[in-house]
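See below for the structure under consideration.
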Amino acid sequence: MHDRLNARRAGAPPRILIISPWETVWSLGTGSGVKAGVSDDDRFIDGSIRAGYELHFLRPESLHTDPRVTTHTYPNFFHATRSLPTAAKRALWPALFNLNVAPRTMSLARSLSPVIVMGHSHYATFATWRCRRRTGIPAVTKLFGVMDLVHTEWSATRYYAKNFEQLAALKYPQDAWIVLDDGTRGGDILRARGIPADRIHFLPNGLDLEWIDRHEDRATARSRFSIPADANAVLFLARLVESKRPLDAIAAFALSARADARACLVVAGDGPLRGVCERAARDAGIAERVRFAGVVAHDDVPALMAACDVFISTSTLTNRALPTCEAMTCGVPVLAYDTGDTATVVRDGASGVLVRDGDTGALALALARLAGDDALRVRLAEAARRVAREQFTSWETRIAMELAIIEKLARKKTGDRISGRP
């Protein structure tokens, strides 16, 4: 403790040690909706550096480097065991993480004297807890989502079988749990699992709010994405995985398109279900009206939104994730399944259209109604932008919230200010 105080008084920058299971900044792995541009990790790194922190990451060994941070490594057992069955990996990876990473975390904490040790995902909770207990350095776990923990409607047997590694990780106390609000009610879930409410920080996702006032020429955008000038274009933008249910979007479009010769569906994103989705479009006889755009660059999202008339979202956990919020920011009417906290921003009939979860027939009827009512789409689009302006959070504000949590914990432990900041 005294070493950290003396270092700051001598003018050395305060350090944050981040324990990560990922080789690079947080990512979804193979396939995604939007090509990795500026991720949550990137924003945090840049914001922390501007605030005067020095960042140290402990990651699996890889060829990736990031000149903005100092990277320390541990054996990449994830890569070495990736061919094992999923059940085996779920049991093995947390054990290997604890065996390899916890001792390395302790060693780095003692040599670096960070003001905070932050773990990314449930994998790191044992390592940060152990470090906290032995050194007194505050421990923070950052969760980028709570995945299957939200399925409280499952039977107890299925719930524990699906979540045993996450539930075990929640047993290790942290000074703070940072949970990103993607509409899956992660704060409520952690409280229900016994995490003290005053240690849970349920933070909004950051958004590029400058897109609200950004103008994209519709004709140019349509030409760029090969969308006919007179088309009623529906956009699905997500990673092509089961939880996003792209097949539901394709099925609903196939039903609605029977009465609309100008309808087309743009499927933006990639993932393991890409081939399945292409076959589904062929089997439904709509292959020529579905355009698979692949992964879209982040900077191209506003143009893609401008080229389309309706945004459709069919995820299982929530339809209030980033793509939906980005559609609203860009003024595109949203049609979605009513799951999770979706209704807090997509208000049925006001700022979008919601249908019962899993009802592809209702989804198709709503698509047809939106396609045939220009005035309704304009009204919903205007309301969506208002919601974005009034409710959404900029990246700058979101990162400031996160840094404020770190600052408060560091002050509480050391009793001084970090780098002289107020």
Side-chain angles (χ1 to χ4, degrees), residues 15-23 25-27 40-41 44 55-60 72-78 89-110 112 114-150 159-182 184-203 402 405-406 408-410 412-413:
R15 293 166 174 162
I16 300 174
L17 174 60
I18 300 174
I19 316 304
S20 176
W22 300 298
E23 296 177 9
V25 296
W26 180 80
S27 85
D40 185 280
D41 260 5
F44 178 78
L55 299 187
H56 290 253
F57 274 79
L58 178 57
R59 299 188 186 280
H72 312 268
T73 62
Y74 55 87
N76 196 338
F77 52 82
F78 295 108
K89 289 186 290 189
R90 288 183 61 203
L92 183 63
W93 283 355
L96 290 176
F97 198 94
N98 292 341
L99 287 171
N100 286 275
V101 181
R104 183 77 171 117
T105 300
M106 282 294 304
S107 175
L108 286 171
R110 286 173 172 148
L112 296 173
V115 295
I116 290 287
V117 176
M118 174 183 281
H120 280 181
S121 88
H122 64 279
Y123 280 104
T125 59
F126 173 77
T128 54
W129 166 78
R130 185 170 179 257
C131 182
R132 168 185 183 256
R133 189 179 64 170
R134 296 192 178 185
T135 68
I137 298 171
V140 178
T141 288
K142 182 175 180 179
L143 300 177
F144 295 81
V146 291
M147 296 180 287
D148 288 339
L149 284 174
V150 303
Y159 189 82
Y160 283 97
K162 286 283 190 178
N163 294 297
F164 67 83
E165 65 267 63
Q166 288 196 82
L167 294 172
L170 296 180
K171 301 297 184 183
Y172 299 108
Q174 308 287 304
D175 291 285
W177 299 80
I178 295 174
V179 189
L180 300 189
D181 178 10
D182 60 358
T184 55
R185 301 170 182 161
D188 293 341
I189 296 299
L190 291 194
R191 282 189 289 274
R193 301 309 315 177
I195 305 297
D198 62 348
R199 296 196 175 192
I200 300 171
H201 302 271
F202 197 39
L203 301 186
E402 199 167 339
I405 296 166
I406 291 172
K408 183 177 180 180
L409 285 173
K412 183 178 179 181
K413 292 293 183 182

Sub-4.5 Å side-chain heavy-atom contact between [X] and [Y]:
| X | Y | value |
| --- | --- | --- |
| Leu149 | Tyr159 | yes |
| Val117 | Thr135 | no |
| His72 | Leu112 | yes |
| Lys89 | Phe78 | no |
| Arg104 | Thr73 | no |
| Lys142 | Asp40 | yes |
| Leu108 | His56 | no |
| Thr105 | Thr128 | no |

Exercise. Fit a plane to each ring of Trp129 and Tyr172, take the angle between them on a 0 to 90° scale, and name the class: parallel (under 30°), tilted (30 to 60°) or perpendicular (over 60°).
Key: tilted
For [X] against [Y], the heavy-atom pair lying closest together:
| X | Y | result |
| --- | --- | --- |
| Ala169 | Trp177 | O-CH2, 4.1 Å |
| Ser121 | Pro21 | OG-CG, 3.5 Å |
| Ala124 | Gly119 | CB-CA, 3.5 Å |

Distance in Å, [X] [atom1] paired with [Y] [atom2], rounded so as to fall on 0.5 Å steps:
| X | Y | atom1 | atom2 | value |
| --- | --- | --- | --- | --- |
| Met118 | Ile16 | CE | CD1 | 6.5 Å |
| Trp22 | His120 | CH2 | NE2 | 7.0 Å |
| Cys131 | Ile116 | SG | CD1 | 10.5 Å |
| Ile200 | Ile178 | CD1 | CD1 | 12.0 Å |
| Ser20 | Leu58 | OG | CG | 8.5 Å |
| Asp41 | Ile18 | CG | CD1 | 7.0 Å |

Quiz item: Taking only residues two or more places apart in sequence or in another chain, which ones pass salt bridge (charged side-chain N to carboxylate O under 4.0 Å, His left out) with Asp181?
Solution: Arg320
Quiz prompt | Sequence-distant partners of Arg130, salt bridge (charged side-chain N to carboxylate O under 4.0 Å, His left out), two or more places apart | solution =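 Not a single residue meets the salt bridge (charged side-chain N to carboxylate O under 4.0 Å, His left out) criterion with Arg130.
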Quiz item: Which pairs count as salt bridge (Lys or Arg N to Asp or Glu O under 4.0 Å) when at least one residue sits in residues 161-174, sequence neighbours excluded?
Solution: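 Residue pairs passing salt bridge (Lys or Arg N to Asp or Glu O under 4.0 Å), neighbours aside: Arg90-Glu165.
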Practice problem: Determine yes or no for a side-chain-to-main-chain donor-acceptor pair under 3.5 angstrom, with Asp175 supplying the side chain and Ala139 the backbone. | Solution: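 Side chain of Asp175 to backbone of Ala139: a pair is present.
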Quiz prompt | With His201 via side chain to side chain donor-acceptor pair (under 3.5 Å) - residues at least two apart | solution =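 His201 satisfies side chain to side chain donor-acceptor pair (under 3.5 Å) with no other residue.
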Self-check item: Thr141: side chain to side chain donor-acceptor pair (under 3.5 Å) partners, not counting sequence neighbours
Solution: Gln174
Quiz prompt | side chain to side chain contact (heavy atoms under 4.5 Å, CB included) assessment of Leu409 paired with Val115 | solution = CA-CA 8 Å; Leu409 285 173; Val115 295; over 6 Å; no
Solution key, residues 91-101 side-chain donor-acceptor pairs under 3.5 Å, sequence neighbours excluded:
residue, atom, partner, partner atom, Å
Trp93, NE1, Thr81, OG1, 2.6
Asn98, ND2, Pro94, O, 3.4
Asn100, ND2, Leu96, O, 2.8

Ignoring hydrogens and angles, write down the donor-acceptor pairs under 3.5 Å from the side chains of residues 186-194, residues two or more places apart or on other chains.
residue, atom, partner, partner atom, Å
Asp188, OD1, Arg191, NH2, 2.5
Arg193, NH2, Tyr160, OH, 3.4

